[in-house]
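Notes to accompany the following structure.
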Amino acid sequence: MPELPEVDALVGFLRDRAVGHAVTSATVAAISGLKTFDPPLHGLVGQTIDGASRHGKFVDLDVGDLHLVFHLARAGWMRWYDELPKTLIKPGKSPIALRVRLDDGSGFDLTEAGTKKSLAVYVVRDPGEVPGIARLGPDPTAPEFGLDDFAAILAGRRTRIKGLLRDQSVFAGVGNAYSDEILHNARMSPYALAATLKPEEVERLYHALRDTLDEAIAAASGRPPAELKDSKRTRMQVHGRTGEACPVCGDTVREVIFADSTFQYCPTCQTGGKPLADRVLSRLLK
């Protein structure tokens, strides 16, 4: 799933390549992906893209008096073409959910792999009309988001810090991968309760949050969409590296399995050398 750093890079790419060009066509190939009907999708045609911005994991294209907003979800991606293919899209016959053509012949497809379709496209007059954007918490990379703001959010929450970091209504843009990396950098257990953290632990976690995301944004910036996925994978210290050696201490990276996701951590760096309980794996081994 693309998270804040990758979405930020996609926005930067679109700002460089798409802003200033008019939309000549917008075609839906997966009707389930289009979440709005008023304004209509064809209302974008003939209007110029005036800006590109990010709200958490949402991309927002300012198209004339409308906004084309999309969320790539777990298996979605944006595929850019300097010369967009002229072949007709057959609904249900390809992973393409949306195709947008610009006045210079370039454009992009939004694609989604797999059978579970969660990619979402909205055409709205104001991005605040998108329910997911309206629910977003603060952007943890914003210059004005300080340690005191972070500490106030954590105070009194008897919630595991891993889940709290991923909650979009708490912190906009952080997902499974970067929450693993943030907690590893902070040397903190994913199961630690936010309300029980000491002030020095809160400060350490805040700086790990900012440093991890800032470094990832810098590494992704300027890369074309085709390179972002591999670039993200190569930067991960623990996420997606189950069974490999932790690059900090050399211990084996472990995994916890949930119904629809997994997370990775280093026991030596994060949990005092103790493996975390994994109820799913325990049931499978019985």
Side-chain angles (χ1 to χ4, degrees), residues 1-9 54-57 135-221 231-232 234-241 245-256 258 261-277:
M1 174 187 290
E3 298 179 33
L4 188 156
E6 293 75 48
V7 175
D8 199 77
R54 176 182 61 77
H55 311 278
K57 301 178 191 176
R135 292 194 298 266
L136 287 176
D139 186 328
T141 65
E144 66 273 14
F145 184 75
L147 175 58
D148 290 343
D149 302 306
F150 183 69
I153 290 172
L154 268 55
R157 291 181 183 263
R158 298 196 64 79
T159 307
R160 287 176 176 174
I161 196 65
K162 167 71 178 179
L164 200 63
L165 288 172
R166 292 185 62 187
D167 188 335
Q168 298 304 292
S169 68
V170 179
F171 301 109
V174 180
N176 194 34
Y178 284 105
S179 58
D180 281 355
E181 297 299 296
I182 290 163
L183 290 167
H184 180 250
N185 288 346
R187 306 185 304 281
M188 186 172 294
S189 169
Y191 286 173
L193 297 181
T196 65
L197 297 180
K198 299 174 183 178
E200 59 269 24
E201 292 175 317
V202 172
E203 183 172 2
R204 190 168 77 239
L205 182 59
Y206 169 76
H207 288 298
L209 170 72
R210 293 296 296 248
D211 292 348
T212 300
L213 294 177
D214 287 348
E215 289 170 8
I217 288 170
S221 178
S231 174
K232 177 182 178 179
T234 59
R235 294 195 310 272
M236 296 289 109
Q237 301 280 293
V238 292
H239 182 77
R241 299 195 179 278
C246 169
V248 174
C249 72
D251 194 1
T252 301
V253 174
R254 308 292 181 92
E255 176 178 78
V256 172
F258 290 100
S261 67
T262 63
F263 72 77
Q264 288 79 41
Y265 68 99
C266 169
T268 294
C269 291
Q270 297 176 252
T271 61
K274 297 179 180 179
L276 295 174

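In this text the structure is predicted, and so the values were computed from the model without any measurement.
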Quiz item: For Ala177, does its backbone N or O pair with a side-chain atom of Asp180 as donor and acceptor, under 3.5 Å?
Solution: no

Asp251/Cys269 under side-chain contact (heavy atoms from CB on, under 4.5 Å): CA gap, chis, key distance, verdict: CA-CA 8 Å; Asp251 194 1; Cys269 291; over 6 Å; no

Tested for side-chain hydrogen bond (donor to acceptor under 3.5 Å, both in side chains) against Tyr178, the lone hit among Glu3, Glu6, Lys232 is Glu6

In this structure, CE of Met188 is separated from NZ of Lys162 (nearest 0.5 Å) by 13.5 Å

- Item | Pairwise side-chain contact, Tyr265 with Pro275, heavy-atom cut-off 4.5 Å (strictly under) | yes

- Pair Asn185-Thr212, side-chain hydrogen bond (donor to acceptor under 3.5 Å, both in side chains): steps then yes or no: CA-CA 8 Å; Asn185 288 346; Thr212 300; 2.6 Å; yes

message: With side-chain contact (heavy atoms from CB on, under 4.5 Å) as the criterion, how do Leu276 and Phe263 come out once you've worked through the C-alpha distance, each side chain's angles and the decisive distance to 0.1 Å?
response: CA-CA 11 Å; Leu276 295 174; Phe263 72 77; 4.0 Å; yes

*Are the side chains of Pro199 and Glu203 in touch, meaning some heavy atoms are under 4.5 Å apart?*
no

Between Cys266 and Cys249 the two heavy atoms that sit nearest each other are SG-SG, 3.4 Å

| query | Do Arg187 and Val248 touch side chain to side chain, with heavy atoms closer than 4.5 Å? | reply | no

Original post:
Between Ser261 and Arg166, is any pair of side-chain heavy atoms under 4.5 Å apart?
Top reply: yes

What one should report as the nearest heavy-atom pair of Ala192 and Leu197 is CB-CD2, 4.1 Å

Any non-hydrogen side-chain atom of Met1 less than 4.5 Å from a side-chain atom of Asn176? no

Of all heavy-atom pairs linking Gly156 and Ala195, the shortest is C-CB, 3.8 Å

CG of Leu193 to OG1 of Thr159, rounded to nearest 0.5 Å, is 7.5 Å

Q. Angle class for the Tyr206/Phe145 ring planes (parallel below 30°, perpendicular above 60°, tilted otherwise)?
A. tilted

The reported gap from CD in Gln168 to CZ in Arg135 (rounded to nearest 0.5 angstrom) is 10.0 Å

Of Val174, Leu213, Leu209, Val238, the one forming a side-chain contact (heavy atoms from CB on, under 4.5 Å) with Glu181 is Val238

**Message:** Is any side-chain heavy atom of Thr141 closer than 4.5 Å to one of Arg54?
**Reply:** yes

dist Lys57:NZ -> Leu4:CG (nearest 0.5 Å) comes out at 9.0 Å

In His184, Arg241, His239, Arg254, the residue satisfying side-chain hydrogen bond (donor to acceptor under 3.5 Å, both in side chains) with Gln264 is His239

Check: Using 30° and 60° as the class limits, which term best fits the ring planes of Phe171 and Phe150: parallel, tilted or perpendicular?
Finding: tilted

For Val170 and Pro138, the nearest pair of non-hydrogen atoms, with its separation, is O-CD, 3.1 Å

Minimal heavy-atom distance between Arg160 and Pro190, with the atoms involved, is CB-O, 3.8 Å

Output for pair (Asp167 CG, Leu136 CG), nearest 0.5 Å, gives 10.5 Å

Residues Ala219 and Arg235: closest non-hydrogen pair is CB-CD, 3.5 Å

Should Leu205 and Leu154 count as side-chain neighbours, where that means a heavy-atom distance under 4.5 Å? yes

